[in-house]
Amino acid sequence: MFHPLSIFLGLRYSRSKKSAGFLSFISFFSMSGILLGVLSLIVVVSVMNGFEKQLKDRILGAVPHLIINQHDEQNTPPAELITTLEQLPSVSSILPYQESESIVQSPYELKGVMTQGVFDKTKGFEIIKTNMVNGSWESLFSQKYSIVIGRYLASQLKVRIGDKVKLMVTEASIYTPLGRMPSQRNFTVTGIFDTESEIDDKIVLISGDALQKLLRKKNKTAEHWRVYLHDAFEFSEVTSQLDNAGIIYSSWEGTHGKLFQAVKMEKNIMWILLTLVIAVASFNIVSALVMMVTEKTSEIAILKTQGIKNITLYKTFVIQGLYNGVIGSILGVILGVLITLNINEISAVFGLSMLGPNIELPILLQLSDVLIIFVGALGLSLLATVYPAYQAAKIEPASVLRYE
């Protein structure tokens with residue numbers, strides 16, 4: 001089959017069986033290093049992506065993405081603004097929102113929590129609805145003065161479905177013969193959820209009307225509006241609209257931003273460290289090519305006397321260096337994807353339990369990450385060929401063949 005001369009020579013040198021043993025050793029380890037670097041980077045980044053997505057789904061699925069705070073005396077933002085925001089592609093829905101710091105007490109224990117009022121049983125709180133382990137979500141509206149709590153909180157309070165707990169809100173109080181007391185009422189536990197996140201012992205849910213009564217609010221409407229986004233990280237479009245309208249708002253960044261910044265920083269550090277593994281392996285390509293140029297100096301000089309151009313020689317050694325990079329990158333991608341997709345099964349076979357018994361690693365394999373890693377490995381391999389290829393191209397035949 002016809003090949004350009006540079007490709008023919010580059011592949012022939014790469015597959016040559018007469019190369020020195022040490023040279024073959026360096027070439028093998030450069031290929032192996034790139035393979036392991038690409039494989040490790042794909043596996044680690046996929047696990048970090050899965051962990052980040054799990055945090056976003058479990059934590060940001062229950063806390064407000066954006067809260068539109070009090071706007072005027074009627075506690076409602078302009079209706080036109082709400083309509084405009086609902087039409088934005090990044091917005092999923094906008095719902096009335098009310099919350100209050102509270103104390104929940106059982107016969108055995110008491111705990112400080114954040115009480116959220118639910119005004120619409122069909123929208124919002126998807127992460128809680130899909131993780132109900134006992135009772136039902138609909139009970140908040142079908143049964144008067146019912147409460148839905150997390151499984152961890154239920155364990156701390158030692159309560160089950162049907163048990164009663166006392167909810168005391170700190171924002172409202174009443175006068176009694178014993179003095180000023182926080183507003184309180186008994187609620188029946190009708191639902192228990194388990195999201196396996198920090199909200200399981202920090203948030204309790206009751207109906208919006210029940211919370212308004214506890215807060216002694218004459219106005220039955222909520223004081224805030226909760227904006228649900230399709231992607232909690234993409235809120236700039238909404239905040240720009242609120243800024244232009246002069247609306248006071250807050251976002252999840254104020255309460256959970258540092259957690260996600262820490263996760264992002266850890267992921268970036270892993271990217272850098274494992275990319276350095278690929279870069280070190282690429283330096284072995286430099287060593288192997290420099291030794292190859294030294295070994296093939298006479299052949300290069302003879303080829304130049306026969307009319308081969310410098311650019312052809314340059315391409316020849318670039319192709320030879322890329323040969324190890326391409327093979328290592330392709331094998332690394334294949335093995336990395338296979339291991340990533342089966343990492344929990346592989347861990348089970350070897351008896352490894354990284355997060356505890358019966359807990360699987362969260363995995364999110366993204367094609368864009370795989371392509372970036374593959375192209376990056378090829379780029380580093382290409383960069384490693386520049387100097388040796390340049391050295392081969394500038395060899396002078398006269399000085400080399402003078403004593404041949």
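Side chains included, hydrogens not; waters and symmetry mates left out as well; all remaining heavy atoms used.
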>> Using 0.5 Å steps for rounding, measure from the CG atom of N186 to the NZ atom of K166.
In response: 6.0 Å

> When rounded to the nearest 0.5 angstrom, what is the spacing between CD1 in I149 and CG in L167?
Replying inline: 10.5 Å

> Would you say the side chain of F193 lies within less than 4.5 Å of the side chain of D200, judging by non-hydrogen atoms?
Replying inline: yes

> Got a second to check how far I199's CD1 is from I128's CD1, nearest 0.5 Å?
Replying inline: 4.5 Å

List the atom pairs, with distances to 0.1 Å, where a side-chain N or O of residues 265-281 and a protein N or O form a donor-acceptor pair under 3.5 Å, not counting sequence neighbours.
from : atom 1 : to   : atom 2 : distance (Å)
K267 : NZ     : N49  : OD1    : 3.0
K267 : NZ     : E52  : OE1    : 3.2
N268 : ND2    : K264 : O      : 3.3
T275 : OG1    : W271 : O      : 2.5

>> With side chain to side chain donor-acceptor pair (under 3.5 Å) as the rule and sequence neighbours excluded, what pairs involving residues 137-153 come up?
In response: S139-T190, R151-D194

>> Tell me the closest heavy-atom pair linking V169 and L214, and the distance in Å.
In response: CG2-O, 3.6 Å

>> Quick check against the 3.5 Å criterion: does S46 have a side-chain atom that pairs as donor or acceptor with the backbone of I363?
In response: no

> When rounded to the nearest 0.5 angstrom, what is the spacing between CD in Q366 and CG in L371?
Replying inline: 11.0 Å

>> Taking side-chain contact (heavy atoms from CB on, under 4.5 Å) as the criterion, tell me which of L341, I334, T340 meets it with V337.
In response: L341

>> Contact between L205 and I203 at the side-chain level, heavy atoms closer than 4.5 Å - yes or no?
In response: yes

> Between F141 and V118, is any pair of side-chain heavy atoms under 4.5 Å apart?
Replying inline: yes

> So how far is it from M168 CE to S100 OG, rounded to the nearest 0.5 Å?
Replying inline: 12.0 Å

> Which heavy atom of S381 sits nearest a heavy atom of G325, and at what distance?
Replying inline: OG-CA, 3.4 Å

Determine all donor-acceptor pairs shorter than 3.5 Å in which one atom belongs to a side chain in residues 32-40; sequence neighbours excluded.
from : atom 1 : to  : atom 2 : distance (Å)
S32  : OG     : F28 : O      : 2.9
S40  : OG     : L36 : O      : 2.8

>> Contact between V326 and I330 at the side-chain level, heavy atoms closer than 4.5 Å - yes or no?
In response: yes

>> Please give me the minimum heavy-atom distance between P107 and K164, naming the atom from each residue.
In response: CD-O, 4.3 Å

> What's the spacing between K158 NZ and R160 CZ if we round to 0.5 Å?
Replying inline: 13.0 Å

